[in-house]
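A short worksheet on the structure shown next.
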Amino acid sequence: MKLIICKNYDEMSAAAANIVAEAMKADPACVLGLATGSTPVGMYKKLIEMNKAGEIDFSGVTTVNLDEYYPISPENDQSYRYFMNENLFDHVNIDKTRTFVPDGQAADPAAACEAYEEIVAKVGPAAVQVLGIGQNGHIGFNEPDTALEVKTHVTGLTESTIKANARFFASEADVPTKALTMGIGTILGAKKIIILANGTAKHAAIAKMLEGKLDTSCPASMLNLHADVTVICDEAAYNG
Ligand code: GLP
């Protein structure tokens with residue numbers, strides 16, 4: 001794993017945005033794998049600025065998002081579809097019909113996962129997959145467990161993730177208890193992966209991932225199987 005340690009959140013966001021921008025310049029019709037959560041918001045802001053300045057063009061880009069709560073409607077301001085519209089898609093020249101997020105209100109969530117896996121296969125490997133990391137080491141919504149799923153699947157959220165994400169909802173009881181998420185294999189299908197982390201709360205998860213062992217209690221450790229992963233974190237996340 002390559003490691004970029006940044007002074008602060010702003011520097012981390014700029015480093016991540018530059019890697020995404022380079023991929024877009026190299027291939028204007030590229031696929032981007034995108035993530036939600038508070039961590040990548042600064043990176044999205046920088047990408048919006050670059051798009052407005054005419055430095056990058058989203059018109060030919062396809063995006064595939066990692067995950068979505070279940071059940072949740074795309075109009076719910078806590079859905080990841082809503083998040084993506086608010087934090088990126090509504091502010092850049094992207095064709096929204098080429099932006100994919102798992103269907104949080106599918107009548108048959110397992111079938112929706114299969115369909116999503118097919119979409120990811122059809123659009124082709126992401127030039128860059130952006131990831132955040134949960135305090136418990138989750139990526140997407142692949143939670144620590146004795147075994148991890150390979151493909152897009154329905155998953156229950158752990159108590160710790162529900163607690164961590166409750167800050168975005170009116171109350172903890174409002175956090176959906178399930179999600180649809182790309183599996184570890186889906187994520188590892190990207191050509192390049194960048195994983196972002198800031199703040200001391202992420203230190204334990206980052207340290208565990210950087211041990212270089214495959215440990216299902218830290219799903220992010222599975223990224224050690226990939227040949228092109230760049231960890232971009234601030235000093236607080238790296239040093240604790
Ligand atoms: C969420 C998402 C992840 C995200 C992580 C960290 O639950 N499913 O994709 O990386 O938790 O979130 P944050 O960046 O807000 O700390």
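Ligands are counted one by one from 1 in listed order, and the atoms in each one are counted from 1 as well.
Of all the heavy atoms of Y80, the ones lying under 4.0 Å from any atom of ligand 1 belong exclusively to the side chain. At a 4.0 Å heavy-atom cut-off, ligand 1 touches S38 through backbone and side chain alike. At a heavy-atom distance under 4.0 Å, only side-chain atoms of H138, from C-beta outward, approach ligand 1. Under 4.0 Å from ligand 1, not a single heavy atom of E68 appears.
For the pair R81 and E68, the salt-bridge criterion is not met [side-chain N within less than 4.0 Å of a carboxylate O]. Between D90 and K96, at least one side-chain nitrogen of the basic residue sits less than 4.0 Å from a carboxylate oxygen of the acidic one, meeting the salt-bridge criterion. A salt bridge links E159 with K163: the distance from a Lys NZ or Arg NE/NH1/NH2 to an Asp or Glu carboxylate oxygen falls below 4.0 Å. We find that K208 and D215 are joined by a salt bridge, their nearest charged nitrogen and carboxylate oxygen being less than 4.0 Å apart. Salt-bridge formation is not detected for the pair K25/D57: no Lys NZ or Arg NE/NH1/NH2 atom is positioned less than 4.0 Å from an Asp or Glu carboxylate oxygen.
For N87, the side-chain contact (heavy atoms from CB on, under 4.5 Å) criterion is met by V41, Y44, F83, not counting sequence neighbours. Residues passing the ring-ring contact (aromatic ring centres under 6.0 Å, His included) test with Y69 are Y80, F141, F169, sequence neighbours excluded.
Scanning all protein heavy atoms for the shortest distance to atom 7 (O) of ligand 1 gives N165 ND2, 2.9 Å. If you check which protein heavy atom lies closest to atom 14 (O) of ligand 1, you get T39 OG1, 2.5 Å. Nearest protein neighbour of atom 3 (C) of ligand 1, counting heavy atoms only, is G140 O, 3.5 Å. Closest to atom 12 (O) of ligand 1 among all protein heavy atoms lies G37 CA, 4.0 Å. The protein heavy atom nearest to atom 16 (O) of ligand 1 is K202 NZ, 2.6 Å. Nearest non-hydrogen protein atom to atom 4 (C) of ligand 1 is T36 O, 4.0 Å.
Taking 4.5 Å as the limit, every side-chain heavy atom of T230 sits out of range of all side-chain heavy atoms of I193.
Nearest heavy-atom pair, S217 versus P144, reported as atom, atom and distance to 0.1 Å: O-CB, 3.3 Å.
Near G132, the atoms of ligand 1 lying under 4.0 angstrom from a non-hydrogen atom of the residue are 10 (O).
The option from L66, D67, I133, N65 that lies nearest to atom 8 (N) of ligand 1, judged by heavy atoms, is D67.
Between A35 and ligand 1 there is no heavy-atom distance shorter than 4.0 Å. By the 4.0 Å heavy-atom criterion, R167 is counted among the residues contacting ligand 1.
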